[in-house]
2 protein chains.
Amino acid sequence: MPKASPKKAYHHGDLRRAIIDAGEAELAERGLEGFSLRRVSARVGVSHTAPAHHFGDAAGLINALAERGFHRLLEAMVARQATAPRDAYEQLIASGLGYLAFAEQDPALFRLIFSLPKGPDPGAAVMAAADAAFLHLAGNVAALHGAEPMAHPGAYEEVMACWTRVHGFAELMLAGHLAPPCAGRAGAHEALFRKVFGAEFAAKVG
Amino acid sequence: MPKASPKKAYHHGDLRRAIIDAGEAELAERGLEGFSLRRVSARVGVSHTAPAHHFGDAAGLINALAERGFHRLLEAMVARQATAPRDAYEQLIASGLGYLAFAEQDPALFRLIFSLPKGPDPGAAVMAAADAAFLHLAGNVAALHGAEPMAHPGAYEEVMACWTRVHGFAELMLAGHLAPPCAGRAGAHEALFRKVFGAEFAAKVG
DNA sequence: ATGTTAATCTTGCCACTGGTAAGATATCGG
DNA sequence: CCGATATCTTACCAGTGGCAAGATTAACAT
């Protein structure tokens with residue numbers, strides 16, 4: 001047993017998890033700019049070089065956070081869908097609103113997962129998590145037709161049409177470019193989002 | 001005359017401009033992560049504290065770069081429109097393609113202008129530059145109806161519908177999420193963009 | 001012209017960052 | 001029980017931005 005007691009042990013027991021937790025919290029509190037390996041390490045009560053063995057370098061930790069971030073994004077979508085009517089179009093809209101809720105609730109993490117350097121290897125786990133979110137959205141779009149995902153011609157364009165709209169809305173919202181009519185208050189964006197998303201997909205149900 | 005000769009003068013003569021130029025270049029070459037005041041200062045041949053007097057701190061320089069960035073974005077839109085048919089819908093599409101071209105050509109600057117901290121004062125000049133770009137887009141949308149900008153009900157929603165689509169496309173493109181059909185090659189995105197943008201605006205002409 | 005003021009730039013310093021190297025400590029397999 | 005290995009610490013390094021104090025030049029009033 002790896003010493004689950006809260007006392008100071010030389011070996012932490014589950015440091016990788018603890019670092020990711022602390023990193024996520026730090027990210028939410030100070031943003032990506034103020035993110036510091038030393039700070040997250042101190043938060044866990046560990047020296048600043050401890051994470052190196054688990055993540056390689058700082059980019060490795062960022063990657064791990066991105067993986068979690070994509071999972072959080074997916075969670076946010078399904079959570080919102082659970083509160084919506086089971087109608088295919090409403091489910092699609094709900095997933096978009098969940099997407100927006102995640103962006104609003106943790107802007108730094110949201111931006112992090114979409115600004116990973118397209119370097120050599122973004123990490124297979126990260127790509128898998130990203131694909132899971134993408135495929136979920138694709139499934140919602142496909143449900144409009146009642147068919148299997150990607151089964152009809154133009155399916156990819158249709159999915160990207162949805163994704164770009166939701167994502168663009170999220171980014172502009174975070175950048176503070178939705179100001180004039182709807183300011184601040186939570187849920188105020190829903191009406192605008194529905195209009196901006198367009199009605200063409202509502203018509204395609206069935 | 002403030003000594004326009006290229007020889008070493010204690011006073012640079014036009015340091016503010018030179019720093020912004022160097023900063024823009026550094027940003028394009030090393031990205032926002034690798035951005036360093038000391039590097040841009042060295043590039044101009046000046047000590048690392050020289051910019052402080054012109055921009056305050058690093059955030060001040062970032063703000064100045066953002067202002068230029070919004071101007072570049074506007075330039076890219078009008079440049080693309082100049083090569084397109086004068087039909088209102090084609091002009092709107094062209095402005096979107098210019099938007100995308102700018103994002104593709106200078107990703108770091110593009111991301112910079114849309115990730116300014118919504119802090120106390122983003123700088124009036126930056127906001128003005130951003131508004132100029134926004135109003136240009138709004139003008140293109142209004143031209144679909146032949147009317148003055150924002151003159152009819154639902155105009156704002158319509159403009160935001162366009163903006164979110166273009167912007168979302170740009171962001172997902174930079175994040176590397178347009179992979180499957182269209183990879184890498186320049187201009188390959190145009191066909192996908194036209195489909196994703198939707199046909200509803202083409203129908204509204206007149 | 002001449003001296004005073006203000007703007008511009010430099011040098012030297014500080015705390016902080018992430019990465020490396022070498023050593024300390026604990027777990028694990030024989 | 002002992003050696004091998006994983007985990008973590010301490011000590012150090014180059015690099016970063018900001019501040020303070022001083023050097024140099026321009027702007028300006030008289």
Side-chain angles (χ1 to χ4, degrees), chain A residues 1-23 25-27 29-66 108 112 116-117 119-120, chain B residues 1-23 25-27 29-66 108 112 116-117 119-120:
Chain A
M1 180 154 57
K3 180 81 160 170
S5 146
K7 289 286 141 242
K8 274 286 275 303
Y10 196 96
H11 289 58
H12 182 281
D14 196 4
L15 185 65
R16 183 183 164 88
R17 165 81 59 135
I19 291 281
I20 294 179
D21 289 343
E26 276 285 319
L27 193 65
E29 293 172 15
R30 323 254 308 183
L32 183 55
E33 299 313 311
F35 191 80
S36 155
L37 270 184
R38 294 179 111 103
R39 289 188 66 87
V40 305
S41 299
R43 194 174 184 123
V44 181
V46 103
S47 82
H48 82 279
T49 50
H53 193 268
H54 293 277
F55 303 100
D57 57 356
L61 174 54
I62 297 297
N63 253 320
L65 288 174
L112 173 60
L116 294 175
Chain B
M1 179 155 56
K3 179 80 160 173
S5 145
K7 287 286 140 244
K8 275 287 272 307
Y10 196 95
H11 291 60
H12 183 279
D14 195 3
L15 185 64
R16 184 182 163 89
R17 164 81 58 138
I19 291 281
I20 294 180
D21 289 343
E26 276 287 318
L27 192 66
E29 292 172 15
R30 323 251 311 182
L32 184 55
E33 299 315 310
F35 191 81
S36 155
L37 270 184
R38 293 179 111 103
R39 291 187 64 87
V40 308
S41 299
R43 193 172 183 126
V44 181
V46 103
S47 83
H48 81 280
T49 50
H53 193 269
H54 293 276
F55 303 99
D57 58 354
L61 175 53
I62 297 296
N63 252 319
L65 289 174
L112 172 61
L116 295 176

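Reminder, nothing fancy here: chain letters follow the sequence lines and each chain counts from 1.
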### Query
Of the nucleotides C/dT10, D/dA6, C/dT8, which has the atom closest to the B/V46 side chain?
C/dT10
Whole angstrom value for the distance that separates [atom2] of [N] from [atom1] of [X]:
X	N	atom1	atom2	value
B/R30	D/dT16	CZ	C1'	13 Å
A/D14	D/dA6	CG	P	18 Å
A/R16	D/dA6	CZ	P	16 Å
B/L15	C/dT8	CG	P	9 Å
B/E26	D/dG17	CD	P	11 Å
B/I19	D/dG17	CD1	P	12 Å

### Task
Mark up nucleotides 11-20 of chain C, 5' to 3', with B wherever a protein heavy atom is under 4.0 angstrom from a base atom, S wherever such an atom reaches only the sugar-phosphate, and - elsewhere.
BB----BBBB
### Query
So do A/D21 and A/V44 actually touch side chain to side chain, heavy atoms under 4.5 Å?
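The answer is no, as the side chains (C-beta and beyond) never meet within the 4.5 Å cut-off.
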### Query
Has B/H54 got a side-chain N or O lying under 4.0 Å from the OP1 or OP2 atom of C/dC9?
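B/H54 to C/dC9 OP1/OP2: side-chain N or O found under 4.0 Å.
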### Query
Can a side chain N or O of B/H53 be found less than 4.0 Å away from OP1 or OP2 on C/dT8?
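Answer yes for this pair, as a side-chain N or O of B/H53 is under 4.0 Å from OP1 or OP2.
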### For B/R16, side chain to side chain donor-acceptor pair (under 3.5 Å) partners two or more places apart
none
### Message
Testing the basics here: between B/A108 and B/L27, what is the closest heavy-atom pair and its distance to 0.1 Å?
### Response
CB-O, 3.4 Å
#### Entry: Among A/V40, A/I19, A/I20, side-chain contact (heavy atoms from CB on, under 4.5 Å) partner for A/L65
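Single side-chain contact (heavy atoms from CB on, under 4.5 Å) partner of A/L65 among A/V40, A/I19, A/I20: A/I20.
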### Message
My understanding is that only one of A/N63, A/L37, A/L61 makes a side-chain contact (heavy atoms from CB on, under 4.5 Å) with A/F55; could you say which?
### Response
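So, applying the side-chain contact (heavy atoms from CB on, under 4.5 Å) to A/F55 and each of A/N63, A/L37, A/L61, only A/L61 qualifies.
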### Task
Return each pair, listed once, that meets salt bridge (Lys or Arg N to Asp or Glu O under 4.0 Å) where at least one residue sits in residues 36-47 of chain A; pairs must be two or more places apart or across chains.
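Salt bridge (Lys or Arg N to Asp or Glu O under 4.0 Å) check on residues 36-47 of chain A returns A/E26-A/R39, A/E26-A/R43, A/E29-A/R43.
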